[in-house]
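Notes follow the structure.
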Amino acid sequence: MSGKPRLTYLNGRGRMESIRWLLAAAGVEFEEVYLETKEQYDKLIKDGFLLFQQVPLVEIDGMKMVQTKAIMSYIAGKYNLYGKDLKERALIDMYVEGISDLMQMILMFPFSPPDAKEKNIESIKERATNRYFPVFEKVLKQHGQDFLVGNKFSWADVQLIEAILAVEEKVPAVLSGFPQLQVFKTKMSNMPTIKKFLQPGSPRKPPPDAHYVETVLKVFKK
């Protein structure tokens, strides 16, 4: 073992991408194992690696962790990205959960039928501009600080920059009415660890394509 966290998932974004983002933002290098066949997935289950028969799987500090939120809470706590006290942690959790609801729509988008794609992009745009982004615009404006919680870089900031960039891939002008979020995006994108993750050749995965969708359906078929 190299001591680096080891991530087991498909070679694509999915539920692992937020974990990759968080580790990268914390400046942590990691190794990846990619599932390409149903047999690999079934073997993980048979060997008892997947507590609830689901990936992502992250091996870290001698643990085999599953469940995305549990994995990310652990990483955020370990690398001091989880606030200074319970109140800050509660705020971070609230923001992360809200962003996760928006990200769920983006996660499911590649699997929507072709004739529904335009409608689903409209839904993502509507949800982002009317429900989610106004919250963060207001938070940043009210406290006048660079970060969402406690004026310190946290898991919530990482989730938000990931969501902003993911929505912009579908709706390029989505931030046009959100000046605070535009500033936030620029600052976050220039933080050294995030800037590195946004460079070509980093472990960041490209937007899901037809091959990724096909692999997901093949690996997880019942």
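What you see below is based on every heavy atom in this structure, not just the backbone, and it leaves out hydrogens, waters and symmetry mates. Note that the structure is a prediction, hence the values are computed from the model and not measured.
What you find for Thr193 and Ala24 is that their closest heavy atoms are CB-O, 3.3 Å. Counting all heavy atoms, side chain and backbone alike, Pro203 lies closest to Phe30 at CB-CZ, 3.6 Å. Residue Pro56 comes nearest to Ile71 through the heavy atom pair O-CD1, 4.0 Å, listed as atom of the first residue, atom of the second, then distance.
Between the Lys187 side chain and the Phe147 main chain, no donor and acceptor come within less than 3.5 Å of each other. Remark: side-chain polar atoms of Lys117 are paired, donor with acceptor, to backbone N or O of Ser112 under 3.5 angstrom. Judged by distance alone, the side chain of Ser73 and the main-chain N or O of Lys69 form a donor-acceptor pair under 3.5 Å. Using modelled atom types, no side-chain atom of Asn130 and backbone atom of Arg127 make a donor-acceptor pair closer than 3.5 Å. With hydrogens and angles disregarded, no donor-acceptor distance shorter than 3.5 Å links the side chain of Glu88 to the backbone of Val149. Of the possible polar contacts, none joining the Asp47 side chain to the Phe49 backbone as a donor-acceptor pair under 3.5 Å is found. Checking side-chain atoms of Asp157 against main-chain N and O of Leu148 turns up a donor-acceptor pair under 3.5 Å. Panel note: side chain Arg13, backbone Lys205; a donor-acceptor pair is recorded below 3.5 Å. Checking side-chain atoms of Asp85 against main-chain N and O of Lys87 turns up a donor-acceptor pair under 3.5 Å.
Between Lys125 and Glu118, none of the side-chain N atoms (NZ, or NE/NH1/NH2) sits under 4.0 Å from a carboxylate O, so this pair counts as no salt bridge. Checked for salt-bridge contact, Arg20 and Glu17 meet the test: a charged N lies under 4.0 Å from a carboxylate O. Remark: Arg204 does not engage Glu162 in a salt bridge, criterion side-chain N to carboxylate O under 4.0 Å.
Shown here are the side-chain contact (heavy atoms from CB on, under 4.5 Å) partners of Lys195, two or more places apart in sequence or in another chain: Asn190, Gln199. A search for salt bridge (charged side-chain N to carboxylate O under 4.0 Å, His left out) contacts involving Lys64 returns nothing, not counting sequence neighbours.
Here the rule is side chain to side chain contact (heavy atoms under 4.5 Å, CB included) with Ile161, and of Leu181, Ile194, Ile99, Leu198 only Ile194 fits it. When each of Lys185, Gln182, Gln159, Met188 is checked for a side chain to side chain contact (heavy atoms under 4.5 Å, CB included) with Ile164, only Lys185 meets the rule.
The distance between the ring centers of Tyr41 and Phe220 falls below 6.0 angstrom.
Two residues are said to be in side-chain contact when any heavy atoms from C-beta on lie closer than 4.5 Å; Val139 and Tyr95 meet this criterion. No side-chain heavy atom of Glu29 sits less than 4.5 Å from a side-chain heavy atom of Pro5. Contact annotation: the side chain of Gln54 approaches that of Gln67 to within less than 4.5 Å [non-hydrogen atoms, C-beta and beyond]. Between Val66 and Val55, every side-chain heavy-atom pair lies at or beyond the 4.5 Å cut-off.
No side-chain donor-acceptor contact under 3.5 Å links Glu36 and Thr215.
Atom CG in Leu57 sits 10.5 Å away from atom CE in Met65 (nearest 0.5 Å).
Under the 30°/60° scheme for interplanar angles, the aromatic rings of Tyr82 and Trp155 are found to stand perpendicular.
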